[in-house]
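See structure below.
Note on naming: letters A, B, ... go to the chains in the order of the sequence lines (proteins, then strands), and numbering restarts at 1 for each one.
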Number of protein chains: 2
Amino acid sequence: MGKSDTTSVNRKAEIISAAIEVFAEIGYYRATTAQVAQRAKISQPYIFRFFSSKEALLLAALEVSWTRVIDSFRKVMESSLSEQLESDLIRAYDEILDSYQNEILLQMQAQTIQENSIREEMRKGFEEVRRIVLDAFRDAGIPNSKERTMLFLARGMLCNISTVLDMPELMEK
Amino acid sequence: MGKSDTTSVNRKAEIISAAIEVFAEIGYYRATTAQVAQRAKISQPYIFRFFSSKEALLLAALEVSWTRVIDSFRKVMESSLSEQLESDLIRAYDEILDSYQNEILLQMQAQTIQENSIREEMRKGFEEVRRIVLDAFRDAGIPNSKERTMLFLARGMLCNISTVLDMPELMEK
DNA sequence: CAAGTTAGTGATTCATCAATTACTTCTCTA
DNA sequence: TAGAGAAGTAATTGATGAATCACTAACTTG
């Protein structure tokens with residue numbers, strides 16, 4: 001079976017999905033590869049045919065989660081009118097938080113992990129999201145786009161916390 | 001030695017300080033009580049004379065970190081003029097981030113920990129900080145104080161991330 | 001159909017860790 | 001100065017977990 005066959009690609013994606021769930025629910029360091037395997041309905045050692053280590057699996061899971069946000073924002077940017085750009089971006093992020101909470105929870109965990117490969121992936125993700133939002137605001141002719149971008153990201157981060165701690169009052173206006 | 005003697009109180013505080021450092025640097029779940037003990041220059045089992053479990057130690061560390069923020073904000077509230085209230089609060093928080101980064105890093109970790117006692121401590125901390133800021137904004141006659149409070153907290157959360165990931169550009173205006 | 005390749009697992013290894021136990025050493029003070 | 005309590009540790013325990021190894025079964029292709 002080569003890289004081009006879809007079987008192994010699906011298996012890999014299944015393992016990543018299971019890992020996102022288990023890591024988010026239990027915490028990356030506390031979660032065991034056996035738990036991930038159980039969720040993916042495979043044996044524990046089989047994970048290591050696809051990922052060289054538990055950390056490599058986390059990295060793959062983070063990539064998926066950042067791609068989710070970035071693709072979603074890009075899509076908004078392409079289709080949204082200038083006047084409703086920001087509200088469309090907010091809506092897009094709310095939908096991600098609703099449908100893929102685990103991926104955001106995993107990102108939040110990864111914010112404080114010190115391993116270099118993880119930190120770099122997180123920096124890359126944040127930087128790319130910031131770039132997209134800033135360019136979109138500028139294209140839309142929004143004044144003070146840098147500050148508006150910062151505030152957009154800031155509200156997003158508080159929204160994460162409000163969601164995972166189940167404290168809706170934190171976002172009240 | 002009773003509870004009123006300062007020796008044991010100091011030891012307890014020393015252990016908490018060591019735990020804040022080690023948990024922040026290494027991650028709560030990955031850090032070992034032996035590492036905390038080494039940092040505190042005591043033996044590993046001695047920790048359990050003061051804390052019934054590793055989790056109880058984390059809880060104590062979180063209490064310290066929230067008290068730091070709350071006391072600091074209360075002090076600002078008492079002494080600050082209305083016009084500079086928000087900038088004084090920002091300055092106070094910046095100083096905490098500068099001098100006690102590890103405590104903030106620990107709070108960030110705890111945001112995603114699912115244990116009930118930890119979640120409750122985090123909710124309590126956030127709720128109390130929000131209360132203080134909101135009351136202060138209202139007292140100062142700031143309009144839209146609820147939204148302003150939300151934005152203040154939001155910027156704080158982004159500032160945390162910007163600091164721990166060493167990405168100053170995230171806070172650029 | 002034979003021989004290679006892919007998919008997958010059970011058992012094991014080696015290291016690590018939270019927590020307990022049982023012990024020693026130090027410090028007052030009656 | 002005896003001895004009671006406080007401060008502290010070494011050694012152990014019992015469990016757990018990432019990663020490896022050795023193996024089997026099922027496909028596929030010349």
Side-chain angles (χ1 to χ4, degrees), chain A residues 1-62 106 109-110 113-115 117-118, chain B residues 1-62 106 109-110 113-115 117-118:
Chain A
M1 184 199 67
K3 282 258 168 189
S4 58
D5 185 31
T6 54
T7 310
S8 81
V9 171
N10 287 344
R11 263 284 176 272
K12 202 170 177 179
E14 282 165 24
I15 295 172
I16 292 172
S17 290
I20 288 169
E21 286 180 31
V22 172
F23 289 170
E25 285 168 21
I26 303 188
Y28 169 68
Y29 285 121
R30 211 179 35 145
T32 71
T33 55
Q35 289 169 309
V36 173
Q38 190 173 34
R39 189 76 57 116
K41 288 171 188 153
I42 56 165
S43 67
Q44 178 258 341
Y46 199 39
I47 290 175
F48 293 89
R49 284 253 191 267
F50 298 89
F51 303 94
S52 62
S53 65
K54 190 185 176 187
E55 192 180 308
L57 176 54
L58 171 61
L59 210 56
L62 285 175
L106 193 60
Q109 283 183 40
I113 292 180
Q114 310 285 340
E115 312 301 307
S117 59
I118 305 299
Chain B
M1 183 200 69
K3 282 257 168 191
S4 58
D5 184 32
T6 54
T7 309
S8 81
V9 170
N10 288 344
R11 264 282 177 270
K12 200 170 179 180
E14 282 166 23
I15 295 171
I16 292 172
S17 289
I20 288 169
E21 286 180 30
V22 172
F23 289 169
E25 285 169 21
I26 303 188
Y28 168 68
Y29 285 120
R30 212 179 35 145
T32 71
T33 54
Q35 289 170 310
V36 173
Q38 189 173 35
R39 190 75 57 111
K41 287 170 188 154
I42 56 166
S43 68
Q44 179 259 340
Y46 198 41
I47 290 175
F48 293 88
R49 282 251 192 270
F50 297 89
F51 303 94
S52 62
S53 65
K54 192 186 175 186
E55 192 180 307
L57 176 55
L58 171 60
L59 211 54
L62 285 174
L106 193 60
Q109 283 183 39
I113 291 179
Q114 310 285 338
E115 313 300 308
S117 60
I118 305 299

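The closest side-chain heavy-atom distance from A/Arg30 to B/Tyr28 is not below 4.5 Å. Looking at A/Phe50 and A/Ile16, their side chains never come closer than 4.5 Å, going by heavy atoms from C-beta outward. By the 4.5 Å heavy-atom criterion applied to side chains, A/Gln35 and A/Glu25 are not counted as neighbours.
Of the candidates D/dT20, C/dA19, D/dT9, the closest approach to any side-chain atom of B/Ser43 belongs to D/dT9. Taking every side-chain heavy atom of A/Lys54 into account, D/dA19 is the closest of D/dA19, C/dA11, C/dA18. With distances taken from any side-chain atom of A/Ile42 to the nucleotides C/dT9, D/dA10, C/dA18, the minimum falls on C/dT9. Minimum atom distance to the side chain of A/Tyr46 is reached by C/dG8, of the listed C/dT21, C/dG8, D/dA18. The B/Arg49 side chain lies nearest to D/dG8 when the options are D/dT20, C/dG8, D/dG8. When distances are taken from the side chain of A/Ser53 to each of D/dA19, C/dG8, C/dT20, the shortest belongs to D/dA19.
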For A/Leu58 and A/Gln109: C-alpha separation, side-chain torsions, deciding distance, then whether side chain to side chain contact (heavy atoms under 4.5 Å, CB included) applies. CA-CA 11 Å; A/Leu58 171 61; A/Gln109 283 183 40; over 6 Å; no
Given the rule in the side chain to side chain contact (heavy atoms under 4.5 Å, CB included) test, do B/Leu57 and B/Thr33 qualify, once you have shown the distances and angles that lead to the verdict? CA-CA 10 Å; B/Leu57 176 55; B/Thr33 54; 5.6 Å; no
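Look at CD1 on B/Ile26: it is 16 Å from C1' on C/dA18, rounded to the nearest Å. Rounded to a whole Å, the CZ atom of B/Phe51 is 15 Å from the C1' atom of C/dA18. One can place CG of A/Leu57 at 14 Å from C1' of D/dA19, the figure rounded to the nearest angstrom. Rounded to whole Å, atom C1' of C/dA11 lies 16 Å from atom CZ of A/Phe48. When rounded to the nearest whole Å, the span between CD of B/Gln44 and C1' of D/dA11 equals 11 Å. As rounded to whole Å, 14 Å separates atom P of C/dG10 from atom CD1 of A/Ile47. Nucleotide D/dG8 holds its P atom 11 Å from the CG atom of B/Asn10, rounded to whole Å. B/Lys12 places its NZ atom 17 Å from the C1' atom of D/dA6, with the value rounded to the nearest Å.
Here A/Phe23 contributes atom CZ and A/Tyr29 contributes atom OH; the two are 10.5 Å apart, rounded to the nearest 0.5 Å. For the atom pair CD1 (B/Ile42) and CZ (B/Arg11), the distance works out to 6.5 Å, reported to the nearest 0.5 Å.
Interface residues of residues 27-38 of chain B facing DNA chain C, ordered by number: B/Ala31, B/Thr32, B/Thr33; criterion, heavy-atom separation under 4.0 Å.
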